[in-house]
Amino acid sequence: MDGFVPQTATGKVLWHFEMSLDGFVAGPEHDMGWMAGMSVRPGLLDEYVRTTGAVLAGRDGWDAVIGGARPYGGAWKGPVFVLTHHPEDAEPAADVTFLDCDVAEAVRIARTAAGGKNVEVFSPSIGRQLLERGLIDEIDLHVAPVLLGDGIRLFDRHGGVPVRLERVGGEGPRAVVDVRYRPEG
Ligand SMILES: NC(=O)c1ccc[n+]([C@@H]2O[C@H](COP(=O)([O-])OP(=O)(O)OC[C@H]3O[C@@H](n4cnc5c(N)ncnc54)[C@H](OP(=O)(O)O)[C@@H]3O)[C@@H](O)[C@H]2O)c1
């Protein structure tokens, strides 16, 4: 794969998602059904199970999707932190801490809990806040062969200036990535 670099556990803050080709990480009403039947490269799951030390999520994702489930189909075990302005009405769950604090403080808490492994941010809204504060180390995406056209975008910020990124690996920091698809027959 062109310039592919496996993930490493070095205490990074990762904004990590499977994303549609048109930039959505969830469909309308948090629908995740579009992910069904997608295949990922061999070893991908183990790579993230091994390198993840803690997960930081938002309350909407928690209420709609994660809830009783756990990241990576339960293959990963570790502390999950959920940011919310109203932790008092959250159902307590093992290994889950509901936080009502500044995002930077939430990252500090998650980093400490991760014990040197990576913190995975499973929330577009929290990832955006952290990016604006310079607290995202890497954006790690797996692009699925589907167009959603509606739902929750990876990065939703109206009227903003472009956020320049550097490509990790590959043919240089400003190299575009070539992909080619055709509509399913
Ligand atoms: N494609 C993938 O790989 C993937 C992976 C993970 C998640 N997802 C999807 O991502 C979606 C998450 O959507 P989202 O980003 O719109 O929602 P979200 O981040 O999960 O939840 C937003 C909520 O988090 C709380 N929050 C956010 N920032 C906060 C702050 N600074 N302080 C306190 N509370 C804060 C607020 O909850 P309160 O209203 O309680 O205050 C806010 O309304 C879900 O649909 C999930 O399924 C996709």
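Counting starts at 1 for both ligands and their atoms, in listed order.
- For the atom pair NZ of K117 and CD of Q7, the computed distance is 12.5 Å after rounding to the nearest 0.5 Å.
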Acceptor/donor pairs from residues 148-165 side chains to any protein atom, 3.5 angstrom cut, sequence neighbours excluded:
residue: D156; atom: OD1; partner: H158; partner atom: NE2; Å: 3.4
residue: R157; atom: NH2; partner: V161; partner atom: O; Å: 2.7

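- With sequence neighbours left out, E18 forms a salt bridge (Lys or Arg N to Asp or Glu O under 4.0 Å) with no residue at all.
- In this structure T52 satisfies the side-chain hydrogen bond (donor to acceptor under 3.5 Å, both in side chains) test together with E120, sequence neighbours excluded.
- Ring centroids of H142 and F17 are separated by 6.0 Å or more, keeping the two rings apart.
- Around ligand 1 you find F17, E18, V25, A26, H30, M32, M35, G58, R59, D60, G61, V65, L83, T84, H85, H86, C101, V103, F122, S123, P124, S125, I126, Q129, I152, each with a heavy-atom distance below 4.0 Å.
- The aromatic rings of F122 and H16 are tilted relative to each other, their planes meeting at an angle between 30° and 60°.
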